[in-house]
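For reference, the structure discussed in these notes is given below.
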Amino acid sequence: MRWSKAFIPTMKEDPAEAEMQSHQLMLRSGMIRQLTAGVYEYLPLGWRVFLKVMQIVREEMNRAGAQELFLPALAPAEIWQESGRWDDFGDEMFRVKDRKKRDFALCPTHEEIITDLARAKLRSYRDLPQNWYQMQVKFRDEPRPRSGVLRVRHFIMKDAYSMDRDQAGLDVSYQAMYDAYHRIFSRCGIKFFVVGASSGLMGGSGSQEFMVASPSGEDSCAVCPACGYAANLEVAQSKLQSPAYPEAQLTEVSTPEKRTVEEVCGFLKVPASQLIKSLLYMADGQPVFALVRGDDELNESKLQTALGSGNFRPATPEEVLKITQANVGFISPVGIDGIKVLADLALQGARGMVSGANKDHHHLSGINLARDIKVEKYADLRMVKAEEPCIKCGQPLVVTQAIELGHVFKLGTKYSQALKAHFVDEDGSEKPLVMGSYGIGIERVAACIIEQSHDQSGIIWPLSVAPYQVVISQLGGSGTESAKVSESLYNELQDARFEVLLDDREERPGFKFKDADLTGIPIRINVGEKSLREGLVEIKQRRDGQVFKVRPEEVRRKIQELTSVEMWPLKQQ
RNA sequence: CGGGGUGUGGCGCAGUUGGUAGCGCGCUUGCUUUGGGAGCAAGAAGCCCCCAGUUCGAGUCUGGGCACCCCGACCA
């Protein structure tokens with residue numbers, strides 16, 4: 001490509017809307033443009049990068065035995081109603097009507113569509129296993145798009161779905177995807193880590209997320225530097241011991257205007273760990289108490305797992321009053337019958353505890369969980385905090401912010417049962433497909449590469465995803481020796497199958513250097529009259545600024561040498 | 001959905017006590033320049049987010065919308 005003909009609208013100044021480096025640099029380098037909140041146009045330079053990422057994903061998916069297909073982004077409501085997610089997705093799903101007023105969804109994900117395909121065409125265990133994937137635009141009406149291309153309402157996802165005859169088969173399919181993801185992110189030059197994760201709305205028996213550490217990340221992960229344990233805080237556990245308090249009589253104490261844990265502790269002179277936070281939720285229309293220790297925070301994703309339903313919310317102050325006869329800050333399950341109680345594991349066997357008396361301005365002390373509260377289930381409900389001992393090895397945990405790049409799920413039979421995607425097994429019995437689903441956010445991959453690989457001048461692309469591998473900065477005007485040499489190098493390198501951008505614009509050298517650095521093209525060839533007088537051109541690496549002066553006829557070989565080092569690394573992650 | 005902020009040439013911004021708009025970058029033309037975002041000169045380009053209202057007169061004041069950004073809530 002000749003830069004003089006290219007559409008690469010670079011900007012000298014940072015656009016006001018961008019906070020993150022990757023967002024700023026994508027805008028400044030002319031990769032993307034925002035159309036409206038959470039919706040971006042992908043301009044030629046950006047699209048080339050996304051295509052490179054997609055090609056790496058494609059190669060590794062194919063290598064892992066998955067087959068690419070392409071599903072509709074538009075799907076009728078009925079199929080979503082079959083799985084129940086027409087309602088579960090709520091406002092996050094974009095919905096449209098056709099001319100006959102029939103409801104459609106712009107798909108936020110494709111489990112239902114793939115399962116529908118599978119049930120129509122997969123009839124026998126002989127057809128299994130299968131793994132189908134696509135790279136497709138997903139629509140999600142995020143309540144708050146942000147951080148450029150990281151959280152958007154319209155994005156490209158590689159989503160793959162495996163279909164197996166049993167759990168053992170799923171384990172194999174899942175592992176293949178897990179390995180493929182390692183290769184994909186390694187080839188993209190990303191430093192990442194893997195965490196155990198929550199399955200959320202997807203359902204299923206287990207999942208892991210591929211994460212990139214970043215202060216701008218929206219996920220928090222607990223990581224153990226000692227043993228390598230890593231988990232999203234949504235599911236992270238620790239080996240925290242609860243202090244034991246002496247058995248005591250259940251006593252009502254006056255606590256005027258003392259509502260918060262801090263106020264009550266200060267007033268009664270007890271540690272926060274001696275309190276029980278009694279949180280009232282409404283789950284599927286029914287009140288539920290969720291209990292955690294006073295110094296703990298409730299983890300709502302763990303609550304979701306414990307409840308087995310995503311349809312819950314904190315009770316309103318009015319509901320609290322109606323159900324407990326007291327206001328928020330003075331409630332507990334003690335003495336209230338007929339309401340389901342879930343308690344955190346840290347409260348198991350606890351005694352001598354303090355919580356609300358269900359009477360305004362009063363608390364109860366001496367609560368013994370076993371004696372005074374009918375706990376239906378003890379479950380892990382608390383949020384892990386930094387410095388707590390690792391669940392595996394006991395060493396202190398670190399909590400780090402991270403961006404989720406990919407997610408692998410063992411779905412099991414949730415969708416195949418809901419949509420009746422059955423096959424006939426070897427013994428003649430009909431069984432639901434055992435499924436897995438595996439996603440990668442394409443734009444996020446590119447954004448994370450920039451986050452991890454840039455400097456003050458701009459992006460530093462790894463060769464594997466660079467929009468062009470080489471930029472020739474032709475420093476003299478047309479008709480000069482520089483132009484002649486540039487032109488011939490341009491042709492020669494393209495014949496050698498390099499992707500080359502020839503900067504033949506009528507601009508001064510400094511201007512071209514700035515643009516070359518900003519756009520992050522890994523190798524720049526400076527063709528200037530100055531060095532040509534010595535019969536040389538300069539090859540400059542973006543990454544480390546290293547310069548090689550070579551004769552024009554040596555350029556191709558030198559670049560082949562430089563690129564082979566990076567394109568075929570000896571060490572795989 | 002709660003809190004905060006911003007809407008003025010393509011981009012970044014200024015705009016006084018209300019008097020129909022300016023700066024830098026970019027763009028066009030010409031001359032000079034040519035190894036890290038050049039200089040000079042001459043130009044083009046703005047429904048001042050929208051709708052009402054106050055006023056002789058509104059970018060500016062009042063009311064109501066809308067959009068976008070940030071923090072939180074939310075989020076495979």
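Remember, predicted model here, so these are calculated numbers, not experimental data. The chains referred to below are lettered A, B, ... by the order of the sequence lines, with proteins before strands, and numbering in each begins at 1.
Which of G35(B), C13(B), G37(B) sits closest to the side chain of Thr10(A) comes down to G37(B). Looking at the side chain of Ala37(A), the nearest of the listed nucleotides G37(B), C68(B), C75(B) is C68(B). Of the listed nucleotides (G35(B), A38(B), C74(B)), G35(B) has the atom at the smallest distance from the side chain of Asn526(A). Looking at the side chain of Glu300(A), the nearest of the listed nucleotides C74(B), G37(B), A67(B) is C74(B). With C70(B), A38(B), C75(B) as the candidates, the nucleotide lying closest to the side chain of Arg144(A) is C70(B). When distances run from any side-chain atom of Lys12(A) to the nucleotides C25(B), U33(B), G12(B), the shortest one goes to C25(B). Nearest to the side-chain atoms of Ala16(A) among the listed nucleotides C75(B), C13(B), G37(B) stands C13(B).
Residues Leu291(A) and Asp344(A) are not in side-chain contact: their nearest non-hydrogen atoms beyond the backbone lie 4.5 Å or more apart. Counting heavy atoms from C-beta on, the side chains of Gln208(A) and Tyr178(A) come closer than 4.5 Å.
Evaluation of atom-type donor-acceptor distances gives no pair under 3.5 Å for the side chain of Ser473(A) against the base of G35(B). The base of G36(B) is paired with the side chain of Lys540(A) by a donor and an acceptor separated by under 3.5 Å. For Arg146(A) against C69(B), no side-chain N or O and base N or O form a donor-acceptor pair under 3.5 Å. No donor-acceptor contact under 3.5 Å links the side chain of Asp14(A) to the base of G12(B). Counting distance only, with no hydrogens placed and no angle test, the side-chain atoms of Arg533(A) and the base atoms of G35(B) include no donor-acceptor pair under 3.5 Å. Taking 3.5 Å as the limit, the base of G26(B) and the side chain of Glu13(A) contain no donor-acceptor pair of atoms between them.
Arg524(A) comes within 4.0 angstrom of a base, heavy atoms only. Using a 4.0 Å heavy-atom cutoff across all strands shown, Asp517(A) reaches at least one base atom of the nucleic acid. At a threshold of 4.0 angstrom between heavy atoms, the contacts of Glu209(A) with the nucleic acid are absent. Across all strands, Glu506(A) comes closer than 4.0 Å to no nucleic acid atom at all (heavy-atom distances).
The cationic group of Arg505(A) lies under 6.0 Å from the six-membered ring centre of Trp3(A) and within 45° of the ring axis, placing it in a cation-pi geometry. Both the sub-6.0 Å distance and the 45° axial angle are satisfied by Lys410(A) relative to the ring of Tyr174(A).
Each of Pro509(A) and Phe155(A) was matched to the nucleotide of RNA chain B holding its nearest heavy atom; the match closer to the 5' end belongs to Pro509(A). Mapped onto RNA chain B by nearest heavy atom, Arg28(A) and Pro145(A) fall at different nucleotides, with Arg28(A) at the one closer to the 5' end.
Comparing the P positions of G43(B) and U60(B) gives a spacing of 31 Å, expressed to the nearest Å. For the P atoms, the distance from C40(B) to C25(B) is 9 Å, rounded to whole Å. Straight-line distance between the C1' atoms of C49(B) and G5(B): roughly 16 Å, to the nearest whole Å. Only the P atoms considered, A44(B) is 47 Å distant from G3(B), to the nearest whole Å. U28(B) sits 27 Å from A14(B) when the P atoms are compared, rounded to a whole Å. Across G15(B) and G19(B), the matching P atoms stand 14 Å from one another, rounded to whole Å. To the nearest whole angstrom, the two P atoms, one in C13(B) and one in G7(B), are 9 Å apart. Taking the P atoms as reference points, A73(B) lies 15 Å from G2(B), given to the whole Å.
Contact between Lys558(A) and Phe548(A) at its shortest, heavy atoms only, is CE-CD2, 3.5 Å. Taking both residues in full, the closest heavy atoms of Tyr438(A) and Phe409(A) are given as CE2-O, 3.9 Å, listed atom of the first, atom of the second, then distance. The shortest non-hydrogen separation linking Val195(A) to Cys221(A) is CG1-SG, 3.9 Å.
C71(B) atom P lies 12 Å from atom CD of Gln401(A), rounded to whole Å. Atom CG in Asp141(A) sits roughly 16 Å away from atom C1' in A73(B) (whole-Å rounding). Here the P atom of nucleotide C74(B) and the CG atom of Asn299(A) are 11 Å apart, to the nearest Å. Note: CD (Gln474(A)) to C1' (G35(B)) measures 14 Å, nearest angstrom. Distance, Leu518(A) CG to G26(B) P: 15 Å, rounded to whole Å. Rounded to a whole Å, the CD atom of Glu297(A) is 11 Å from the P atom of A73(B). A straight line from CZ of Phe312(A) to C1' of C74(B) spans 12 Å, rounded to a whole angstrom. Going from atom CD of Glu507(A) over to atom C1' of C25(B) covers 14 Å, rounded to whole Å.
Pair assignment for C68(B) gives G5(B), based on Watson-Crick or G-U wobble hydrogen-bonding distances that are each under 3.5 Å. In a base pair of the Watson-Crick type (N1 to N3 plus N6-O4 or O6-N4) or a G-U wobble (N1-O2 and O6-N3), with each distance short of 3.5 Å, U28(B) is matched with A42(B). Across all strands shown, U33(B) remains unpaired; no Watson-Crick or G-U wobble contact has both distances below 3.5 Å. With a cut-off of 3.5 Å on both pairing distances, U60(B) has no Watson-Crick or G-U wobble partner at all. Nucleotide G22(B) has C13(B) as its partner under the Watson-Crick or G-U criteria, with both atom distances under 3.5 Å. Nucleotide C48(B) forms a pair with no other nucleotide shown, judged by Watson-Crick or G-U wobble geometry with both contacts under 3.5 Å.
Taking a cutoff of 4.0 Å between a charged side-chain nitrogen and a carboxylate oxygen, Glu297(A) and Lys277(A) qualify as a salt bridge.
Note that NE2 of His454(A) is 6.5 Å distant from CG of Leu25(A), once rounded to the nearest 0.5 Å.
Annotated as syn: U20(B), whose O4'-C1'-N torsion sits within 90° of 0.
For Thr36(A), a side-chain nitrogen or oxygen approaches OP1 or OP2 of C68(B) to under 4.0 Å.
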